[in-house]
Undergrad: 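This structure is in structure tokens; I'll ask about it shortly.
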Amino acid sequence: SPVRLSRCASVVELAHALRYNHSVMGIEISKAYDPKTVEDKWYADWLSKGHFTANPSSTKLPYSIVIPPPNVTGVLTMGHALNNTLQDILARRKRMQGYEVLWLPGTDHAGIATQTVVEKTLRKQGVIKHRDDLGRDKFLEKVWEWKEKHGGIIVQQLKKLGCSCDWTRERFTMDEPYSAAVLRTFVDLYKKGFIYRGKRMVNWDPAGRTALSDEEVIMTETQGHLWHIRYGTDVVVATTRPETMLGDEAVAVHPDDPRYRHLIGKKLVLPLRNKAIPVIADAAVDPKFGTGCVKVTPAHDLADYEMALRHKLPFTVVISPDGTMTKEAGEDFEGLDRFECREAVVEQLKEAGLLVKVEEYTHNVGHSERTNVPIEPYLSEQWFLRYPQVTESISAVETGAIKFYPERWSKTYMHWMRNIRDWCLSRQLWWGHRIPVWYRGDEVYCGLEAPTGDGWTQDPDVLDTWFSSWLWPFETMDEATRKKFYPTTDLVTGPDIIFLWVARMIMAGYEYTDAKPFGTVYFTGIIRDTQGRKMSKSLGNSPDPLDLIAKYGADGLRFGLMLIAPQGQDILFDEKRSEVGRNFMNKLWNAARFIQMQRAGNPPARPHNAHDHRVLHELNAVITKVSATLDVYKFNDAAKELYDFIWGDFCDWYIEASKVSPNIAVLDEVFGVILRLLHPFAPFITEELWNSMGYATSTIQFASWPEAKLQGRMEIVIETQALYGIVTGGRQLRNDNGVDPKKKVQFAIKPSKHADFFRAETAFLAGILNAESVTIDEQYVSTGLTPSLVTNAATVFMVGAVDPAAEHEKQTKQLADIAKQITGTEAKLANESFVQRAAPIAVQREREKLAMLREQREKIQALLTKLV
RNA sequence: GGGCGUGUAGUUCAGUUGGCUAGAACGUUCGGAUCACACCCGAAAGGUCACAGGUUCAAGUCCUGUCACGCCCACCA
């Protein structure tokens, strides 16, 4: 079974074991990183030591972030994995930068979502047909049972992902103190006159049997029909909803429409109902659409409702709240579902010869966000909120007091804020915060407690879930915590809830704390599958992040996600991404093993050589870039920088060079910085290696964030770069000429510069090129057929037998390439306008380039003459 | 109907204030059990930068228009 590096008796013993017999006291050492043995152990350790617990009395600068609370009974999705990885990166980096960090977690009761699920389950179990069968109290008991059973799963999953939340402060929107705050807010806004009750046309969800806010309605393009129905000799109306005709109270035409002017004020007989209804004139009618005649159904269409108010028409309700037809619809239709009724009405019209024609028609139909059934416009008494602090909230984003990333979302925000409409707060549900209003006859009382006296009954409805969520950034905190950590610093969320949640939190923040709730909002992309489809349960295209963690490790999943999560762009996710992440972690693991092995038998340090200079120089650059990109929330750029540096620069070049002459001090210095830079992205493996490498005796979480400092002498870095160019050239020669990698060959290097430098690096060159010998000779003249390649600092010759024809062809091709470039560059420099008008640096650059190209051309021409 | 975003290699994406032969990763092809790692190493092939105009010495990059896809907003029945 694999054993951790840190468990080995001593570094020396370990290194010895790895080098010679791969075992320590008979135990096999794992070559591959195994996340399972590492992750749970460290998470438990961090928790037990309270590393995530925020201290309000700390003197450090505060950094805070509140989690977008997931549904209490939900399970982790790829969206959560993305969102929470981003938050964890922010939090962990700030801890390393010396901030006192609060990442406040919690869950949302998610009124309609949770209630729907519980109801459905109970129905499936045969316990009930409808929630009314149980009654309010019994039903709520069942929901709480459900919450106890399924709540907290997502919290465990967030821990698996490595989230460094302060779990001692975990909140739930239906906790006692939080609920009290929600009700207090309602009463306060009622007293201030922002909340009122009114009979209005609302979005009704017949499946959930509740009203919804405009934001909870999703418009979906739907393939439907436009039925043309004869209402009288001269009148044909077109409708997408024939069943509503049973509740028609008028036909409307435009007042100036000459075709119908003579009918205005006359009466028609409503088909199927045999009821007389008037023809009215209203400017809302578009004479160019359809026939120019509109049927008016006051109780089941918003536009018709408003028209009915203007014309004082009666409101005949033909569809009941559960979506079935009422008695008013007539005995033929009473009790039918609204869509069955549609067919029945069409059938009867057809029989009566009143159906003039049917057109295919695509239009947008509102659907319930939660139950996904078509919304029914429904006239009912509901509670509404006129939003407070609208102008303040607009200017907060306008002035940059609150900053959006990516910036463009502020336009969406502005548009909504400037066209803001009152918020329908009441929901005809039981799971949630019950509206703190009592009625007795005509009396209405709003308060935290029931009024004294007999005969008062409380409003049966509960509040919209978002009416509790909008208080999240401050009502989750106690006095001391708020004093230290509010306003919060960053918020990370999806752009799909910019209205539902973000905008409302801003308004609540200004109303109740006189401050913005957060300084920055980072909007993530939406995770899609490789075909660009949104991930959803029903499509079955959403991988379970827990499965991915089991297969690739949390760090692998996290890093793979970060590599492809560009700012504000949707993310096409594929399991391959996690594989890339896992492979990278394994690479890191093995780099550590390499360093461990080098520690045995090598002095702790030696003077810096060229490779040391270069890696330190690149290290400095990567620190700068990672910090700069993270500062502007470009997580994927930071991840890419780390990936390229660690794999490309550190492993491919520096570790390879170390095989010739290791410098333990530099290996450790660079690797220590790597672990710290990588820790926010990959918390588990970095903690494991930080400890097993012995960089510190305590957690990496509070190790200082690396600072860039100028290191590595620039002229040596340039020379080393040229040296690596020779290596690439030599490898190319071997490959192009089909030389077996095991076969040792002789190389001759004819430098055009840096000759002494290259001479000092022959051991390195010989090692990395698997050469029998490497000669550096400014005067080198090839004898016979010697494949060669021109780099910008030298010509590389591979001494040995080759196919002259193939070599000639290759060199000719290269010559052609160079000739083409020379022609282009010459043309550019011959252009008077370019020389005169372009930036002098650009011209200079072109001249230098031309000189270099000509030099290369000469060399190749010289080679070619020898090949003939 | 209005707004926003995206079109670059087979795929997913980089590409700074216009200025190297347009890059990377994955995939593909070729070679390789080398003593950190086959979850690896080395090399190669692969592009009319959606299209059409324009500005400029110079356009993937700036401007105009067109097309395609995606998202958000909007009570034409």
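So you know, we letter chains A, B, ... as the sequences are listed, proteins then strands, and number each from 1.
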Undergrad: Taking the minimum atom-to-atom distance to the side chain of Thr239(A), which one of A36(B), A77(B), U56(B) wins?
TA: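 Among the listed nucleotides, the one closest to the side chain of Thr239(A) is A77(B).
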Undergrad: Glu848(A) near the nucleic acid: base, sugar-phosphate alone, or nothing, with a heavy-atom cut-off under 4.0 Å?
TA: nothing
Undergrad: Could a donor-acceptor pair under 3.5 angstrom be found where the side chain of Lys849(A) meets the base of C20(B)?
TA: no
Undergrad: Base, sugar-phosphate or nothing for Arg845(A)? Non-hydrogen atoms, less than 4.0 Å.
TA: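 The answer is sugar-phosphate, as Arg845(A) gets under 4.0 Å only of primed atoms, P, OP1 or OP2.
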Undergrad: When the P atoms of G15(B) and U8(B) are considered, how many whole Å apart are they?
TA: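 It works out to 14 Å between them.
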Undergrad: Closer than 4.0 Å, any side-chain N/O of Trp647(A) to the OP1 or OP2 of C26(B)?
TA: no
Undergrad: Once you apply a heavy-atom cut-off of 4.0 Å, does Asn364(A) come out as touching a base, just sugar-phosphate, or nothing?
TA: base
Undergrad: To the nearest angstrom, how far is Trp416(A) atom CH2 from A74(B) atom P?
TA: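 Going from Trp416(A) (CH2) to A74(B) (P), I get 11 Å.
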Undergrad: Between C72(B), A77(B), C57(B), which one does the side chain of Phe499(A) approach most closely?
TA: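 From the listed options, C72(B) comes nearest.
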Undergrad: With rounding to the closest Å, how many angstrom separate the P atoms on G27(B) and C41(B)?
TA: 12 Å
Undergrad: If you take atom types as modelled and just measure distance, does the side chain of Asn735(A) reach the base of G42(B) with a donor-acceptor pair under 3.5 Å?
TA: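 Between G42(B) and Asn735(A), which were checked side chain against base, a qualifying N/O pair under 3.5 Å is present.
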Undergrad: Where the side chain of Phe289(A) is defined as all heavy atoms beyond and including C-beta, which of A36(B), C76(B), A44(B) is the nearest nucleotide?
TA: C76(B)
Undergrad: Please state the P separation for the pair A22(B) and G10(B) - nearest whole angstrom.
TA: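 16 Å, rounded to whole Å.
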Undergrad: How are the rings of Trp647(A) and Phe584(A) set relative to one another: parallel (under 30°), tilted (30 to 60°) or perpendicular (over 60°)?
TA: parallel
Undergrad: If you pin Arg837(A) and Val727(A) to their nearest nucleotides in RNA chain B, which one's is more 5'?
TA: Val727(A)
Undergrad: When you check the side-chain N and O atoms of Glu216(A) and Ser213(A), is any donor under 3.5 Å from an acceptor?
TA: yes
Undergrad: Say you pick atom C1' in U17(B) and the same atom in U56(B); how far apart are they, in whole Å?
TA: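 U17(B) and U56(B) have their C1' atoms separated by 16 Å.
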Undergrad: Check the phosphate of A77(B) against Tyr361(A), side-chain N and O only, distance under 4.0 Å to OP1 or OP2. Yes or no?
TA: yes
Undergrad: Determine: side-chain N/O of Lys742(A) to OP1/OP2 of A33(B), distance under 4.0 Å, yes or no.
TA: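 Indeed, a polar side-chain atom of Lys742(A) lies that close.
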Undergrad: To the side chain of Asp736(A), which of A33(B), A43(B), A36(B) is closest?
TA: A43(B)
Undergrad: Check whether the side chains of Ser578(A) and Lys576(A) place a donor and an acceptor atom closer than 3.5 Å, and report yes or no.
TA: no
Undergrad: Indicate, with a heavy-atom threshold strictly under 4.0 Å, whether Phe573(A) touches base, sugar-phosphate, or nothing.
TA: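 Result for Phe573(A) = nothing.
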Undergrad: According to a strict under-4.0 Å criterion, is Arg593(A) in side-chain N/O contact with OP1 or OP2 of A36(B)?
TA: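 Indeed not, no polar side-chain atom of Arg593(A) lies that close.
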Undergrad: Under 3.5 Å, is there a donor on one side chain and an acceptor on the other for His228(A) and Glu359(A)?
TA: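 A donor-acceptor contact under 3.5 Å links the two side chains.
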Undergrad: Considering only atom C1', compute the distance from C35(B) to C30(B) and round it to an integer number of Å.
TA: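 Nearest-Å result for C35(B) against C30(B) at atom C1': 26 Å.
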Undergrad: Looking at Phe523(A), Trp409(A), Tyr633(A), which one forms a ring pair (Phe, Tyr, Trp, His ring centres under 6.0 Å) with Phe404(A)?
TA: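 Testing each of Phe523(A), Trp409(A), Tyr633(A) against Phe404(A), the sole residue satisfying ring pair (Phe, Tyr, Trp, His ring centres under 6.0 Å) is Phe523(A).
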Undergrad: Between Glu376(A) and Arg241(A) (salt bridge meaning N to carboxylate O under 4.0 Å), is one present in this structure?
TA: yes
Undergrad: Pick the C1' atom in G23(B) and in G60(B), then give their distance to the nearest Å.
TA: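 My reading of the C1' atoms in G23(B) and G60(B) gives 12 Å.
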Undergrad: Can you list every stem that RNA chain B is part of, counting only runs of 3 or more consecutive Watson-Crick or G-U wobble pairs with both distances under 3.5 Å?
TA: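 Only these stems qualify: B:1-7 with B:67-73, B:10-13 with B:23-26, B:28-32 with B:40-44, B:50-54 with B:62-66.
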Undergrad: When you check the gap from the basic side-chain N to the acidic O, do Glu656(A) and Lys659(A) get nearer than 4.0 Å?
TA: yes
Undergrad: Starting the side chain at C-beta, find the nucleotide from A38(B), A77(B), C75(B) nearest to Val294(A).
TA: A77(B)
Undergrad: State which of A77(B), C75(B), G19(B) makes the closest approach to the side chain of Arg421(A).
TA: C75(B)
Undergrad: Who passes side-chain hydrogen bond (donor to acceptor under 3.5 Å, both in side chains) against Trp416(A), sequence neighbours left out?
TA: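 Partners of Trp416(A) by the side-chain hydrogen bond (donor to acceptor under 3.5 Å, both in side chains) criterion, ordered by chain and then number, come out as Glu215(A).
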Undergrad: Check whether any side-chain N or O of Lys411(A) sits under 4.0 Å from OP1 or OP2 of G3(B), and answer yes or no.
TA: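 Result: no.
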Undergrad: More than 12 foreign heavy atoms under 6.0 Å from CZ of Arg421(A): is that the case here?
TA: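 Open: at most 12 neighbouring heavy atoms sit under 6.0 Å from CZ of Arg421(A).
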Undergrad: Looking at G42(B), A77(B), U56(B), which one has an atom nearest to any side-chain atom of Arg731(A)?
TA: G42(B)
Undergrad: Rounded to whole Å, please give me the gap between CD in Glu579(A) and P in C26(B).
TA: 10 Å
Undergrad: Are any side-chain N or O atoms of Asn737(A) and backbone N or O atoms of Leu733(A), one a donor and one an acceptor, separated by less than 3.5 Å?
TA: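 Side chain of Asn737(A) to backbone of Leu733(A), a donor-acceptor pair under 3.5 Å: yes, one is there.
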Undergrad: Determine the contact category for Arg582(A): base if any of its heavy atoms lies under 4.0 Å from a base atom, sugar-phosphate if only primed atoms, P, OP1 or OP2 are that close, otherwise nothing.
TA: base
Undergrad: May I ask you to say what Cys651(A) touches in the nucleic acid, namely base, sugar-phosphate or nothing, with a heavy-atom cut-off under 4.0 Å?
TA: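 Result for Cys651(A) = base.
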Undergrad: From the options C41(B), A24(B), A77(B), select the nucleotide whose nearest atom is closest to the side chain of Lys640(A).
TA: A24(B)
Undergrad: When you compare C72(B) with U29(B), how far apart are their P atoms, in angstrom units rounded to a whole number?
TA: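 Each nucleotide's P atom is 40 Å from the other's.
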Undergrad: More 5' along RNA chain B: Ile595(A) or Met852(A), using each one's nearest nucleotide?
TA: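 Between the two, 5'-proximity favours Met852(A).
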Undergrad: For a quick check of understanding: with a heavy-atom distance under 4.0 Å over all strands, which category does Asp286(A) fall into, base, sugar-phosphate or nothing?
TA: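 Here Asp286(A) touches the bases of the nucleic acid.
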Undergrad: Report the nucleotide, chosen from A74(B), G19(B), A43(B), that has the shortest atom-to-atom distance to any side-chain atom of Gln732(A).
TA: A43(B)
Undergrad: Base, sugar-phosphate or nothing for Lys576(A)? Non-hydrogen atoms, less than 4.0 Å.
TA: sugar-phosphate
Undergrad: Please give the distance between the P atoms of C4(B) and U64(B) as a whole number of Å.
TA: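 Each nucleotide's P atom is 12 Å from the other's.
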Undergrad: Using the six-membered ring wherever Trp is involved, compare the ring planes of Phe559(A) and Phe681(A) and label them parallel, tilted or perpendicular (cut-offs 30° and 60°).
TA: perpendicular
Undergrad: Contact class for Trp227(A) vs. all strands (heavy atom < 4.0 Å): base, sugar-phosphate, or nothing?
TA: nothing
Undergrad: Atom OH of Tyr413(A) and atom P of C4(B): how far apart are they, to the nearest Å?
TA: 19 Å
Undergrad: Does any N or O donor sit under 3.5 Å from an N or O acceptor when you compare the side chain of Lys659(A) with the base of A36(B)?
TA: yes
Undergrad: Could you check which of U56(B), C40(B), A24(B) has an atom nearest any side-chain atom of Asp644(A)?
TA: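 It is A24(B).
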Undergrad: Does a side-chain N or O from Asn590(A) land closer than 4.0 Å to OP1 or OP2 of C40(B), or not?
TA: no
Undergrad: Heavy atoms under 4.0 Å, any strand shown: does Thr825(A) hit a base, just sugar-phosphate, or nothing?
TA: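 No contact.
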